[in-house]
Amino acid sequence: QVQLVESGGGLVQSGGSLRLSCVASGTVFSITYMGWYRQAPGKEREFVANISRADTTTYGEAVRGRFTISRDATQNTVYLEMNDLGPEDTAVYYCFADRLVIGPQARATSWGQGTQVTVSA
């Protein structure tokens, strides 16, 4: 069982930057990936980025080159540095953690409560 708490969302002008944080607690040593999805009003949930325990990273096409995901393993925290923000980035950003589990369910996903990012034109 993993619990996730996001922070760092807010209101920013186009071209600005924000840094999101996600702190994991619980069975943190079983986590294999952590990352972010986002969901804008009326839109489907969209993959943003993830990072593995080996620090390999993957980015969604919409954010590649603008966002950077990083990890502090000692603090069980993942960060999302968001640069050159535009109105299209307005969404609720959700942190997730994938963990290995023993049994027929090979992995389980935990979700944070979400943090709002609003980018004004």
Contacts of D84 that satisfy side-chain hydrogen bond (donor to acceptor under 3.5 Å, both in side chains) - sequence neighbours left out: none

E6 side chain to Q113 backbone, donor-acceptor under 3.5 Å: yes

Sorted by first residue and then second, give each disulfide bond (SG atoms under 2.5 Å apart) pair with at least one member in residues 7-121; sequence neighbours left out. C22-C95

Can you list, pair by pair, the side-chain donor-acceptor contacts under 3.5 Å of residues 8-20, counting residues two or more places apart and other chains?
unit_1: S14; atom_1: OG; unit_2: S120; atom_2: O; d: 2.6
unit_1: S17; atom_1: OG; unit_2: N83; atom_2: OD1; d: 2.9

So ring-ring contact (aromatic ring centres under 6.0 Å, His included) across residues 45-64, not counting sequence neighbours, yields Y37-F47

Residue pair M82 / V117, side-chain heavy-atom distance below 4.5 Å: yes

Filter on disulfide bond (SG atoms under 2.5 Å apart), then keep only pairs touching residues 30-65, sequence neighbours left out; what's left? none

Test: salt bridge (charged side-chain N to carboxylate O under 4.0 Å, His left out). Region: residues 7-17. Which pairs qualify, not counting sequence neighbours? none

Set of residues satisfying side-chain hydrogen bond (donor to acceptor under 3.5 Å, both in side chains) with respect to E46, sequence neighbours excluded: R38

ILVMFWY cluster membership beyond V5 - transitive side-chain contacts under 4.5 angstrom: none

Among residues two or more places apart or on two chains, list those pairs meeting disulfide bond (SG atoms under 2.5 Å apart) that have a residue in residues 63-94. none

Under the side-chain contact (heavy atoms from CB on, under 4.5 Å) rule, collect the residues that match up with A73, sequence neighbours excluded. R71

Residue pairs involving residues 62-93 (criterion ring-ring contact (aromatic ring centres under 6.0 Å, His included); sequence neighbours excluded): none

Listed by chain and number, what are the salt bridge (Lys or Arg N to Asp or Glu O under 4.0 Å) partners of R107, not counting sequence neighbours? D98

